[in-house]
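Quick note: residue numbers are just sequence positions, from 1. Counting convention: from 1, in listed order, for ligands and their atoms alike. Quantities reported herein were computed from a predicted structural model and do not represent experimental measurements.
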Amino acid sequence: MRSALFPRLEAPGDDVALRVGSEQVTSLELAQATAALQQRLTAAGHPPGARLAVWTQGSLETAVALVAAAAAGYQLVPLDPKLGPLELSHIVNDAAPVVALGADPQAVAGRIAIDTLPLTPELRRHPGPRPPTRQVDDAPLLVLYTSGTTGLPKGAVLTARNVAFNLDALARAWRWTAADTVVHALPLFHVHGLVLGLFGSIRVGGALHWFPRFVPREVAQALSVGTTVFFAVPTMYHRLSEAAQTDPQVVQGLAHARLLVSGSAALPQRDQQRLEALTGRRVIERYGLTETLINCAVRADDPPSAGSVGAPIDGIELRLVDDQRRTLEARDDATLGEIAVRGPHVFAGYLNRPEATAAVKDADGWFFTGDLACRKPDGQLRIVGRRATDLIKCGGYKVGAGEVEAALLEHPSVREAAVLGAPDADLGERIVAFVVLDTPTEPQVLQDFVASQLSPHKRPREVHVIAELPRNAMGKVVKAKLRHA
Ligand code: MCA
Ligand code: AMP
């Protein structure tokens with residue numbers, strides 16, 4: 001494994017590494033930003049190794065700062081700038097970052113009690129000496145907050161080795177090289193947009209063309225220039241396939257790309273088929289989790305295989321297990337088991353939560369994903385569901401039903417709440433809430449209330465007012481009955 005996390009920053013030049021809107025950044029500017037950030041933070045009493053929160057605004061400077069801080073050796077806690085007060089105070093207390101990079105001091109005043117450091121273009125124009133950049137080590141690189149079925153999100157700690165190992169395996173699977181420009185419109189506070197899209201481009205040596213907002217036509221235009229690779233969630237492919245029906249530019253961009261990759265949720269076959277009919281291209285899938293990065297990927301040269309997320313990536317072990325975690329050997333595309341994985345890509349654990357870590361990662365290093373799959377005779381996997389029905393994947397974002405229920409219960413007129421995911425052609429699953437009210441309240445008010453308490457993408461898209469929640473003899477809410485309410 002190459003020793004520097006971002007080898008190109010060791011001998012930087014005028015090669016374009018990042019593009020956002022009409023602005024672009026070279027690897028030399030990234031290397032200069034790395035040195036400048038390290039110098040400023042060290043002068044403020046925070047040498048490399050310290051933990052920084054990063055407000056991932058939709059700007060070029062955010063992308064620069066994420067690379068620079070990682071290359072300088074800091075631990076990063078990338079945050080959605082739209083986090084609600086409940087999540088923000090929880091994460092800041094839990095991760096205890098020393099500085100908030102890129103946070104607007106006015107917007108966070110009274111919400112967090114740490115210093116903010118603005119991100120300005122001057123950082124990347126810093127002319128001073130450049131210390132060596134970060135090596136591939138076993139120290140924490142990222143703390144990424146991810147929802148569980150209940151409670152507040154947990155911080156998954158990923159090391160530099162987890163990230164470098166995973167990216168190198170994906171580069172081999174996809175023949176991803178410095179000649180490729182990755183195009184994506186994903187947020188930079190999750191694995192997909194940050195690790196694969198941003199860190200992947202910088203490690204592999206090509207460029208990233210990043211769009212802070214997803215607009216099908218703009219993304220398609222970017223795909224039609226040079227050798228391009230597209231990373232997106234299924235909701236984006238759904239919207240592109242709709243746009244392609246009427247817009248030849250969208251068809252042309254998709255048809256031109258070298259590789260179209262989907263992940264974070266299952267890509268519906270109808271969207272795959274519609275895209276193929278319109279563009280002649282198939283989208284390949286890969287499967288991962290925040291805690292393990294990417295486990296399986298269809299390789300660039302694999303023959304088409306409906307619904308497959310590919311075989312395990314190089315260097316990892318994968319098993320299907322039954323309810324007692326016993327190995328299932330079948331490769332019949334029918335026997336269902338939970339996916340367990342082991343390898344250098346599996347996270348170090350959840351920050352401050354040894355019991356939660358022990359529940360998913362055993363003493364031998366096996367991580368139990370909660371995802372259910374079957375295996376084909378050639379070793380490729382087909383994901384068929386999830387053990388936890390209280391986890392919802394909406395637009396590629398993971399949302400715990402319990403988190404939304406707790407937010408609804410904070411509203412003075414809500415007596416009881418139950419939340420579930422309903423199938424949705426665009427979002428994969430949409431968040432649906434059933435509430436019992438003490439005082440009449442419009443559903444929209446409750447949607448807006450959740451959007452003000454949590455990240456807006458966690459808001460229910462539907463709220464149904466009912467007289468009482470269906471319960472079993474033990475008093476537990478029976479969500480299956482609500483699905484038909
Ligand atoms: C809407 N908004 C609101 C409200 N309603 N704000 C306040 N109150 C409200 N009631 C705002 C939102 O903040 C947002 O603002 C805008 O309106 C649109 O929001 P929304 O309707 O939620 O967005 P959408 O159009 O449905 O988004 C679809 C999307 C998005 C673009 C596909 O879901 C997305 O970016 N998904 C990517 C998720 C992802 O990266 N997952 C990777 C996880 P504004 O427009 O200003 O933002 S990593 C992972 O899963 C693993 C490792 C893996 O395998 O990759
Ligand atoms: P997150 O915690 O946000 O990283 O989400 C991880 C989850 O996303 C996994 O446990 C899967 O349930 C789901 N997921 C990711 N990629 C795929 C895929 N290609 N097909 C189906 N589900 C996926």
Side-chain angles (χ1 to χ4, degrees), residues 56-58 78 80-84 142 144-149 153-154 156 158 166 170 184-197 211-216 219 231-240 261-268 283-298 307-310 338-339 341 345 347 360 367-373 381-388 391-400 421 424 426-431 443-461 463:
T56 61
Q57 316 277 6
D80 179 355
K82 293 205 185 74
L83 278 181
L142 294 169
L144 295 179
Y145 278 81
T146 179
S147 296
T149 46
K154 301 184 284 283
L158 291 157
N166 206 243
L170 289 176
H184 84 69
L186 296 154
L188 296 183
F189 50 83
H190 279 311
V191 163
H192 199 164
L194 174 63
V195 177
L196 270 60
F211 291 85
R213 297 183 78 83
F214 172 65
V215 179
V219 162
F231 293 160
V233 294
T235 300
M236 293 175 176
Y237 283 107
H238 176 76
R239 293 182 189 180
L240 281 161
V261 187
S262 173
S264 304
L267 179 69
V283 178
I284 61 168
E285 284 197 76
R286 95 290 178 288
Y287 152 76
L289 287 86
T290 300
E291 293 88 337
T292 64
L293 303 174
I294 306 308
N295 297 307
C296 296
V298 174
S308 167
V309 295
E338 180 181 355
I339 300 173
V341 291
H345 65 317
F347 78 153
V360 289
F367 180 90
F368 296 86
T369 63
D371 291 310
L372 302 173
L381 273 88
R382 195 161 56 84
I383 312 274
V384 279
R386 244 187 331 259
R387 285 173 66 108
L391 280 181
I392 304 165
K393 262 274 162 161
C394 177
Y397 286 115
K398 182 147 98 179
V399 181
D424 188 281
D426 178 45
L427 297 166
E429 288 179 294
R430 71 179 174 280
I431 302 171
Q444 184 65 47
V445 171
L446 296 178
Q447 288 171 9
D448 293 343
F449 179 74
V450 175
S452 73
Q453 297 296 300
L454 302 173
S455 305
H457 67 253
K458 295 182 177 174
R459 71 190 185 280
R461 307 281 169 141
V463 177

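- Counting heavy atoms under 4.0 Å from ligand 2, residue Lys393 touches it through the side chain alone.
- Close contacts of ligand 1 with Gly288, meaning ligand atoms under 4.0 Å from a residue heavy atom, involve 54 (O).
- Residue Asp448 has at least one N or O atom closer than 3.5 Å to an N or O atom of ligand 1.
- Here's the thing with Thr369: none of its N/O atoms is less than 3.5 angstrom from an N/O atom of ligand 2.
- Of the heavy atoms in Ala265, only backbone atoms (N, CA, C, O) come closer than 4.0 Å to ligand 2.
- Using a 4.0 Å threshold on non-hydrogen atoms, atom 18 (C) of ligand 1 does not count as touching the protein.
- When heavy-atom distances to ligand 2 are checked against a 4.0 Å cut-off, Thr290 comes that close through both its backbone and its side chain.
- Distance check: Leu293 CG to Leu170 CG gives 9.0 Å after rounding to the nearest 0.5 Å.
- Polar contact with ligand 1: present for Arg461 (N/O pair, distance under 3.5 Å).
- At a 3.5 angstrom cut-off on N or O pairs, Gly395 counts as close to ligand 1.
- Not a single heavy atom of Val191 sits under 4.0 Å from any atom of ligand 2.
- The side chain of Asp371, and not its backbone, has at least one atom closer than 4.0 Å to an atom of ligand 2 (non-hydrogen atoms only; side chain from C-beta on).
- When each atom of ligand 2 is checked for a heavy atom of Ala266 under 4.0 Å away, the hits are 20 (N), 21 (C), 22 (N).
- Near Arg286, with a cut-off below 4.0 Å to any heavy atom, the atoms of ligand 2 are 16 (N), 18 (C), 19 (N).
- For ligand 1 and Ala451, the ligand atoms under 4.0 Å from any heavy atom of the residue are 7 (C), 8 (N), 9 (C), 10 (N).
- Near Pro187, with a cut-off below 4.0 Å to any heavy atom, the atoms of ligand 1 are 35 (O), 37 (C), 40 (O).
- Looking at Arg286 next to ligand 1, an N or O pair under 3.5 Å apart turns up.
- Looking at ligand 2, you'll find an N or O of Lys398 within less than 3.5 Å of one of its N or O atoms.
- Atoms of ligand 2 lying under 4.0 Å from any heavy atom of Thr146, numbered from 1 in the order shown and given with element: 2 (O).
- Ligand 2 lies out of reach of His192, whose nearest heavy atom is not under 4.0 Å from it.
- For the atom pair Asp426 CG and Arg239 CZ, the distance stands at 4.0 Å (nearest 0.5 Å).
- For ligand 2 and Leu289, the ligand atoms under 4.0 Å from any heavy atom of the residue are 4 (O), 6 (C), 9 (C), 10 (O).
- Looking at Arg213 next to ligand 1, an N or O pair under 3.5 Å apart turns up.
- Within the 4.0 Å cut-off (strictly below), a protein heavy atom is located near atom 13 (O) of ligand 1.
- In terms of N/O distances under 3.5 Å, ligand 1 is not approached by Thr235.
- Annotation: Gly396 places an N or O atom under 3.5 Å from an N or O atom of ligand 1; distance criterion only.
- Near His192, with a cut-off below 4.0 Å to any heavy atom, the atoms of ligand 1 are 42 (C), 48 (S), 55 (O).
- In terms of polar-atom proximity, His190 is not counted as a contact of ligand 1, lacking any N or O under 3.5 Å from an N or O of the ligand.
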